[in-house]
Structures are given as structure tokens and as C-alpha cells.
Amino acid sequence: MEANKLVIYNTLNRQKETFSPIHPPHVGLYVCGPTVYGDAHLGHARPAITFDILFRYLKYLGYKVRYVRNITDVGHLENDADEGEDKIAKKARLEQLEPMEVVQYFTDRYHQNMDELNVLKPSIEPRASGHIIEQQELVRKIMKNGFAYESDGSIYFDVEKYSQQYPYGKLSGRVVEELLNTTRDLDGQQEKKNSFDFALWKKAKPEHIMRWPSEWSDGFPGWHLECSAMSTKYLGESFDIHGGGMDLLFPHHESEVAQSTAANGHESVKYWMHNNMITINGQKMGKSLGNFITLEEFFSGNHALLEKAYSPMTVRFFILQAHYRSTVDFSNEALQASEKGLERLMQAMSKLDSMKPAGQSSVNLPEILEKCFAAMNDDLNTPILISYLFELVKLINSVSDGKQEISEADLQSLKLNMHLLVHDILGLKTPSKTENQAEDLNEVMNLLLQLRVDAKNKKDWETADKIRKELTRLGFTIKDTKEGFEWSK
RNA sequence: GGUCAGUUGGCCGAGUGGCUAGGCAGUGGUCUGCAAAACCUCGUACAGCGGUUCGACUCCGCUACUGACCUCCA
């Protein structure tokens, strides 16, 4: 197919490269998923949607994709007074819940948000807590290869030793010597040989609830280990694409590279892809900054910074209107611009079916369509794709108005490709109105019956009777009351 | 402080060594009983200062500003 035309930006080499899978037609894709100890916010939507587009597009190109996106439900130290305490455990204790109860709750909420955003489910969604054995196995492997050491029940990765043999920092562009001077104090510092060494296995403190037995200590896996262990388990020692947010580049992904290389003797990932951040007032939207707006709040409009509610599709479209490697700044004005643009696009989509072919096409449709796919092939340039879609919107509207013509063959192609591009590849759908339908019907019925009351007041019996008769014919029961009216169906 | 990005018209946001991004808002029209929608039209923006070039918003350098990472964070 056109598979060989896809070009993606590989963080590893800081340049665009032609995508060529290791074992065509199969593609292995791993993306860092959420840490489920809080509601997903707008920032979480970005990688989910970015890699959803990649997943969809790769499938369109004919690849057989195995998409793995993990759920992080264990580990990750918290950098505050409760030094060394597991995030999940802390939240659980505060709320008097079982850790797994918290995990379940937020995982379900995350899934619901993703469904609303029309993000396809990954092929496998492994949990870190379900892969402790694999992670321990990986620790042993790294130790056996001599790149880790034990210190008071914890196992640390020996960055210095590793860097003598392999280039530590090649992904994020760090230099080991510089790291020496720039690393802050962390828990367990005194146990490490070097401040930049990172934990593979951490001994649990007494108050730490989530813990597993091991030959080193009762503890929990290190902060970066789960992705290495699970990607290897489901995609193999070498796989095609690893994605995630730019903020994970260092130290998370750098450490993954080191772990995999230390364990296997070679790197595991061919293409690293990183989405940029969503900013709010020019600053990163993030948990630690406390300036985030949850997806739930976007959908309901229930947040001080939101002028109104924004539908999941508006949020999705908003994100797709920027390239995934650019930051995108949140504002009500920008959201509302997206909302209106999306509406125009979707209205054109609904006109497609009633379009009539006539004569010769007044535009070069194949050329525009070619540009659409060229945009996708160019590192998933969705904003460019969308700009061409709006050209097609103009075409659809003009043909519908009888101001332009389209040939039979082009019309078929237009329908097919608009559907493909808008629904299948961009994953945009017409918002479901079912929830509002009952309310809408109520409004419409009240309006109609009020008109009937007005007619009765004017003794316009003909109009009043016509309304009742037609509604009755449609299966409604209309009852006049002293106060006005009642209706049922 | 180190590393890496970015600075585009009212807002958002692409891209390119010379030729229209696109959306939203705004202008003036067509259409229309009115309105809306749709379509057409208009706006000549690329942080500042140097340099390379026939020509730079696009390449190079410097300056300013903003941000990301260096610590959990998408």
C-alpha cells in the first residue's frame, strides 16, 4: 500500500524518518498510560488522542497493529513530606479505601472519558500490579548483567557503569557528567552510588501498603520498570514504536532505554514519539501545578475557568487542530472556535448523502484527497488535513447550493473518503443526542401546544384542531386542562 | 545554572528561500419576506538587530521574551 510513505519524527534521532516496521505487516505500539489515582484531565487526552490517531492510521495503511497502553497502579514515589510513600497508597489511606478500590474507580472513570472522546481501546491494557513477577525477573536480569546493585534491600540501576558501555542520555540528550551536578536530593540518596542512579526495586517502609515479597525485601518495583517489563512481554525485546508525553522523556523513557539495553544487550524501541503539552495561560497543565481542568469538568462545564460545557468531540477536534509536537494553549475562545468549526464540518458531512452528481467536477478532487493523505503521512499532520477538509466542506456546500458541480465518480469518491478521513482516521463522530432528546421533545411539545392555546384564545378553532388532530395521528394524547394542557405518548 | 524548544495577523494555529494554510471573530456583497445557514470578497502577520542571498517570515549569528525537562506529572 502507501505504507512506505508514512514519515514520523523519531525523538531518538531528532528527525523525521520513513516508517518501516521490524516485522511487517505487524506493528508493535506501546504508549505510557495514566497513573490511576485521580481523574483524567485535558493533558491526559492529548497522548490518548495522538496515539489513537496513529493507531487508526496504521490500521488504515493495512498494518496489523498490537497497541499496548498500560495502567500504572503501583509505584511512583511522591515528592513531599511523605517521602517514599506510594502515591496510590497515600490516596487510599486518606480516603479510607483499599488501594485497589481507588485504582478500580479511577480506571473506570478513565475508560469512560476515553470512550466519550471516541478513543479506541488498545489491544492490551496491562496493569503494573499484575506484572510484578515480570518486573522482578527484569531486575534479576539486569543484576546478572552487572548493571545494578543492592543497597539495604533496594536495587539501584548503576548508571555510571552502564554509561561506560552504552550511551546513557542518548534519547533525552543528557550528559552523565552534567547530571552529577544537576540532580536534586531524593529519598534514598545516601543508599546510592550516584545521585542519578534510579531504583529498580524499592524496599517498602512499614506504612507502605502496596508491597510484594522478593529475595531482596518486601517492596515494590521501581519507577520506570513496568513499561520495560510489559512492553517486552507483549511486544518482544524489539518493537516498533514507543509513545508518550514529552515530560516523560527524562528520566522515565531514558531509564527505560537503559533498562532494556542492560537486560537484553540491545535497544528495544525503533521509533520514539512524544506529544507536546497542553498549556493554560502559557504554562503546562499538570497535576503538580494544580492548574488542570478534568475532562469531566470540560464535558459538564463545571469549572471556574470554563465559560460553558464543551463536548468530547469539541475537545478532540481542538486537540487535532494543532500538531501533536506543538504545545497547544487552552482558552475558551479557542475551544469555541473549534466547536463552531467542527459543527460546520459535521453539517457538511450530513449533506453528503443528499448530494446530486452533475456534469464535470469544478474542482480537482483527486488532488485535494492526495494532499489529505500526504498530510497524514507527514508525521500525522492533522491540522493540515483539517485545512483540506474545510476545502471539501466548501465544495460540499457549493454543490448542495447548485453553485458548483461534481461528477458521479468524484461524488462516490468524496463520500467514501470524507467518511474515511473524518470518521475512521480522525475519529470524529456526530455527538449523540439521545440524552437531550427527551428534553428537546418536551420543549417542542410545549411550544406546539402553546401555539394551540394561542389559537384557541383567538377562536381559531381550525388551527387548534389541526394541531391536536395531527399530534393524535402521530400517537400523542392531548388533554386540555384548566391550567393549559397535558400530553402523553 | 545545564539541556532543549518556541516567539506568526483580533484569537487559535500550519507552512515555505520568491507563489492563498485553515478555523473562529470582523468587513463588504450574493441569496433571502425577516433571520439563520451557505457562497463570494477584503485584511498583506511572521519578536528585535545584524549577516548570507538577486530575493528571508523561511538559512546563520546575537539579543529579548516565553515555555519544557533536569523531581511524581500526559
Side-chain angles (χ1 to χ4, degrees), chain A residues 11 14 31-35 37-38 40-51 72 75-80 85-87 90 169 172-175 177-187 195-196 198 223-224 243-254 274-279 281-290 292 317-345 347-348 351 371 375 378 381-391 393-404:
Chain A
T11 310
R14 312 266 162 177
V31 174
C32 293
T35 303
Y37 70 102
H41 59 75
L42 188 59
H44 292 95
R46 179 95 116 136
I49 289 171
T50 297
F51 294 105
T72 295
H76 291 265
L77 295 175
E78 205 152 35
N79 182 36
D80 58 17
E85 192 176 1
D86 191 325
K87 270 186 180 175
K90 185 190 176 198
S172 61
R174 310 281 147 159
V175 182
E177 293 81 64
E178 282 169 3
L179 285 172
L180 256 179
N181 310 318
T182 57
T183 310
R184 284 207 217 160
D185 285 346
L186 267 178
D187 173 50
S195 55
F196 44 65
F198 54 90
W223 319 306
H224 315 298
M246 253 178 202
D247 49 353
L248 297 177
L249 195 52
F250 189 91
H252 185 58
H253 290 159
E254 194 68 65
H274 291 94
N275 63 274
N276 214 318
M277 303 292 104
I278 287 178
T279 58
N281 296 322
Q283 260 205 328
K284 183 173 94 162
M285 186 180 281
K287 252 171 204 149
S288 53
L289 293 165
F292 62 92
F317 191 64
F318 170 68
I319 287 174
L320 292 177
Q321 274 188 302
H323 185 82
Y324 77 90
R325 281 190 287 115
S326 301
T327 57
V328 58
D329 198 55
F330 155 83
S331 72
N332 279 283
E333 214 176 351
L335 256 303
Q336 282 163 30
S338 292
E339 184 175 50
K340 287 186 183 170
L342 176 64
E343 196 179 333
R344 197 153 81 87
L345 175 62
Q347 264 170 11
K351 282 185 194 167
K371 286 178 177 173
D378 184 14
N381 200 328
T382 52
I384 292 291
L385 167 59
I386 289 169
S387 80
Y388 289 121
L389 288 178
F390 276 109
E391 282 193 23
V393 166
K394 246 178 220 180
L395 173 68
I396 292 166
N397 286 329
S398 294
V399 171
S400 294
D401 286 356
K403 288 172 184 159
Q404 282 194 61

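Everything numeric in this text was worked out from a predicted model, so none of it was measured. Note on naming: letters A, B, ... go to the chains in the order of the sequence lines (proteins, then strands), and numbering restarts at 1 for each one.
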Let me have a per-nucleotide readout for nucleotides 39-47 of chain B, 5' to 3', with B, S or -, counting only protein heavy atoms under 4.0 Å. SS-------

List the atom of A/S172, the atom of A/F250, and the distance in Å for their closest heavy-atom pair.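 Result for this residue pair: OG-CD1, 3.2 Å.
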
To check you understand the geometry: which heavy-atom pair defines the closest contact between A/D329 and A/N281, and what is its length?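 For A/D329 versus A/N281, the nearest heavy atoms are OD1-N, 3.7 Å.
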
Students often get this wrong, so: under 4.0 angstrom with heavy atoms, is [X] touching a base, only sugar-phosphate, or nothing?
X: A/K340; answer: sugar-phosphate
X: A/H41; answer: base
X: A/L248; answer: sugar-phosphate
X: A/M277; answer: base
X: A/G341; answer: sugar-phosphate

Can you check the distance between [N] and [M], where both ends of the measurement are the [atom1] atom (answer in whole Å)?
N: B/G9; M: B/G22; atom1: C1'; answer: 14 Å
N: B/U20; M: B/U41; atom1: C1'; answer: 14 Å
N: B/U8; M: B/G48; atom1: C1'; answer: 15 Å
N: B/A14; M: B/A21; atom1: C1'; answer: 6 Å
N: B/G6; M: B/C60; atom1: P; answer: 11 Å
N: B/G26; M: B/C11; atom1: C1'; answer: 12 Å
N: B/G2; M: B/C42; atom1: C1'; answer: 49 Å

Just say parallel, tilted or perpendicular for the rings of A/F198 and A/H224, cut-offs at 30° and 60°.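 The rings of A/F198 and A/H224 stand perpendicular, inter-plane angle above 60°.
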
Looking at A/S326, I'd like to know whether one of its side-chain N or O atoms comes within less than 4.0 Å of OP1 or OP2 on B/A14.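 Looking at the OP1 and OP2 atoms of B/A14, one of them is under 4.0 Å from a side-chain N or O of A/S326.
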
Say whether, by atom type as modelled, one donor and one acceptor occur between the side chain of A/E254 and the main chain of A/G169 under 3.5 angstrom.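 Present.
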
Please write out the pairs of protein N or O atoms and N or O atoms of nucleotides 4-12 of chain B separated by less than 3.5 Å, giving the distance to one decimal.
from, atom 1, to, atom 2, distance (Å)
B/C11, O2', A/E333, OE1, 3.3

Is the shortest side-chain heavy-atom distance between A/I386 and A/L320 below 4.5 Å?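 In short, these two side chains touch, coming nearer than 4.5 Å.
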
